[in-house]
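Only one structure is covered here, and it is reproduced in the block below.
All figures in this text were calculated on a predicted structure; none of them were measured in a lab.
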Amino acid sequence: MNSPIIQLLVLAGIAIFLILRLKSVLGTRDGFEGSSQDTRREGPSDTRRQDFEVIEGGPDYDIIDNVPEGSDSAKALAEMKRVETSFGVGDFLQGARGAYEMILMAFENAKLEEVAPFLSEDVFEAFAQVVDTREEQGLSVEAEFIGVRETVLKEARFDTETRRAELTVRFVGELVSVVRDKDGEIIEGKPGQPKRQKDSWTFERIMGSDDPNWRLVATGE
């Protein structure tokens, strides 16, 4: 057997040894990978169990990223999650942003019927009264939604007996809105010039119910 073949066999043996050595240290990677510190050898099973207990009992960042830890709102959100495990604060706020645009533009464009399922009777009547007054005065609105600049959860309340949840959200939106009189003259706003609108809206829902819709029950600034 010539020298080059012997050298190849030696190198192959070294490679196999290194692969087996690395596998024993790193393990088999499948799915979630922890940080580099997790590559150390595992300790006794009771130590691993304690580590998992610490993780499971840790803070719920879905809650404390949006309201102060230990606050009444944080406790209310925790109760909502206990009653309805699929509820997520981040998911709710994302949906609230979409609802804000949808409801606001329906109001501006006098198309409240399209969003009636998402409004309480009181809010629907209040919005409808403004729309009717505009029509009686011959006013028309040209509106374009630019975007939501800010969405902040201000307060959360939960009634454990009725399972009624109330979440108050502060929005800062930006839109172009021009109001014209019956002669087409502009009496409010400027074309192409966005304005900021600040609103505090309260949404309500019975947690654990079959109806997934949150309804707007109160508005303010």
Side-chain angles (χ1 to χ4, degrees), residues 32 49-109 111-131 145-175 196-221:
F32 174 78
R49 190 179 304 111
Q50 291 175 2
D51 290 341
F52 280 115
E53 289 174 353
V54 171
I55 294 173
E56 292 173 358
D60 187 340
Y61 290 101
D62 182 49
I63 292 177
I64 64 175
D65 281 350
N66 293 288
V67 296
E69 185 174 6
S71 64
D72 290 340
S73 291
K75 295 175 183 177
L77 292 170
E79 283 296 316
M80 294 179 201
K81 287 193 167 192
R82 183 184 64 80
V83 172
E84 188 171 311
T85 56
S86 61
F87 170 71
V89 183
D91 294 335
F92 165 80
L93 290 175
Q94 183 177 358
R97 288 172 66 97
Y100 178 69
E101 176 182 355
M102 179 177 64
I103 294 172
L104 184 61
M105 294 308 294
F107 170 73
E108 294 285 348
N109 296 322
K111 296 180 178 179
L112 293 177
E113 294 296 336
E114 296 180 358
V115 296
F118 308 103
L119 307 177
S120 69
E121 291 185 7
D122 290 343
V123 171
F124 181 87
E125 291 176 2
F127 283 1
Q129 185 175 358
V130 175
V131 171
F145 193 81
I146 305 301
V148 179
R149 301 307 180 198
E150 184 176 292
T151 305
V152 178
L153 180 59
K154 293 180 59 179
E155 186 179 10
R157 296 179 295 276
F158 184 68
D159 187 324
T160 55
E161 294 184 1
T162 63
R163 296 182 299 159
R164 185 180 303 277
E166 289 187 357
L167 298 177
T168 300
V169 183
R170 179 178 182 270
F171 298 100
V172 177
E174 191 169 336
L175 69 156
R196 289 201 170 188
Q197 177 157 330
K198 299 178 181 179
D199 294 287
S200 288
W201 286 7
T202 299
F203 298 89
E204 179 184 271
R205 179 172 174 264
I206 302 299
M207 303 301 291
S209 67
D210 294 333
D211 186 356
N213 291 331
W214 291 81
R215 287 178 174 80
L216 178 61
V217 297
T219 62
E221 295 184 359

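Scanning for side-chain hydrogen bond (donor to acceptor under 3.5 Å, both in side chains) contacts around Glu125 gives an empty result, with sequence neighbours left out. Among residues two or more places apart in sequence or in another chain, the salt bridge (Lys or Arg N to Asp or Glu O under 4.0 Å) test is passed with Glu114 by none. Under the rule for a side-chain hydrogen bond (donor to acceptor under 3.5 Å, both in side chains), the partners of Thr151 that lie at least two apart in sequence or sit in another chain are Arg97. Contacts of Arg149 classified as salt bridge (Lys or Arg N to Asp or Glu O under 4.0 Å), with partners at least two apart in sequence or in another chain: Glu174. Under the rule for a salt bridge (Lys or Arg N to Asp or Glu O under 4.0 Å), the partners of Glu155 that lie at least two apart in sequence or sit in another chain are Arg157. In terms of the side chain to side chain contact (heavy atoms under 4.5 Å, CB included) criterion, residue partners of Asp122 (sequence neighbours excluded) are, by chain and number, Ser120. Remark: Phe127 engages Phe107 in a ring-ring contact (aromatic ring centres under 6.0 Å, His included) (not counting sequence neighbours). With sequence neighbours excluded, no residue satisfies side-chain hydrogen bond (donor to acceptor under 3.5 Å, both in side chains) with Arg196. A search for side-chain hydrogen bond (donor to acceptor under 3.5 Å, both in side chains) contacts involving Arg170 returns Glu150, not counting sequence neighbours. For Glu101, there are no salt bridge (Lys or Arg N to Asp or Glu O under 4.0 Å) partners at least two apart in sequence or on another chain.
With Met207 as reference, Val83 is the one residue of Val83, Thr162, Thr160 to meet the side chain to side chain contact (heavy atoms under 4.5 Å, CB included) rule.
Contact between Pro59 and Ile64 at its shortest, heavy atoms only, is CB-CD1, 3.7 Å. Closest heavy-atom contact between Gln197 and Tyr100: O-OH, 3.7 Å. Taking each heavy atom of Phe171 and Trp201 in turn, the nearest pair found is CE1-CB, 4.1 Å.
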Please report, to 0.1 Å, the donor-acceptor pairs under 3.5 Å made by any side chain of residues 69-82, with sequence neighbours excluded.
{"from": "Ser71", "atom 1": "OG", "to": "Pro68", "atom 2": "O", "distance (Å)": "2.7"}
{"from": "Ser71", "atom 1": "OG", "to": "Ala74", "atom 2": "N", "distance (Å)": "3.2"}
{"from": "Ser73", "atom 1": "OG", "to": "Ala156", "atom 2": "N", "distance (Å)": "3.1"}
{"from": "Glu79", "atom 1": "OE1", "to": "Arg82", "atom 2": "NE", "distance (Å)": "3.0"}
{"from": "Glu79", "atom 1": "OE1", "to": "Arg82", "atom 2": "NH2", "distance (Å)": "3.0"}
{"from": "Lys81", "atom 1": "NZ", "to": "Asp60", "atom 2": "OD1", "distance (Å)": "3.4"}
{"from": "Lys81", "atom 1": "NZ", "to": "Asp60", "atom 2": "OD2", "distance (Å)": "2.9"}
{"from": "Lys81", "atom 1": "NZ", "to": "Asp62", "atom 2": "OD2", "distance (Å)": "2.7"}

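Taking the side chain as every heavy atom from C-beta outward, Leu93 and Leu153 approach each other to under 4.5 Å. When side chains are defined from C-beta on, Phe118 does not count as touching Leu216, because their heavy atoms never get closer than 4.5 Å.
Note that OG1 of Thr219 is 10.0 Å distant from CG of Leu119, once rounded to the nearest 0.5 Å. The distance from atom CG of Asn213 to atom CZ of Phe203, rounded to the nearest 0.5 Å, is 11.5 Å. Distance check: Trp214 CH2 to Glu204 CD gives 9.0 Å after rounding to the nearest 0.5 Å.
Between Phe92 and Phe87, the ring planes are tilted. Angles from 30° to 60° get that label.
Among residue pairs with one or both ends in residues 205-221, those qualifying as salt bridge (charged side-chain N to carboxylate O under 4.0 Å, His left out) are Glu84-Arg205, Asp211-Arg215; sequence neighbours excluded.
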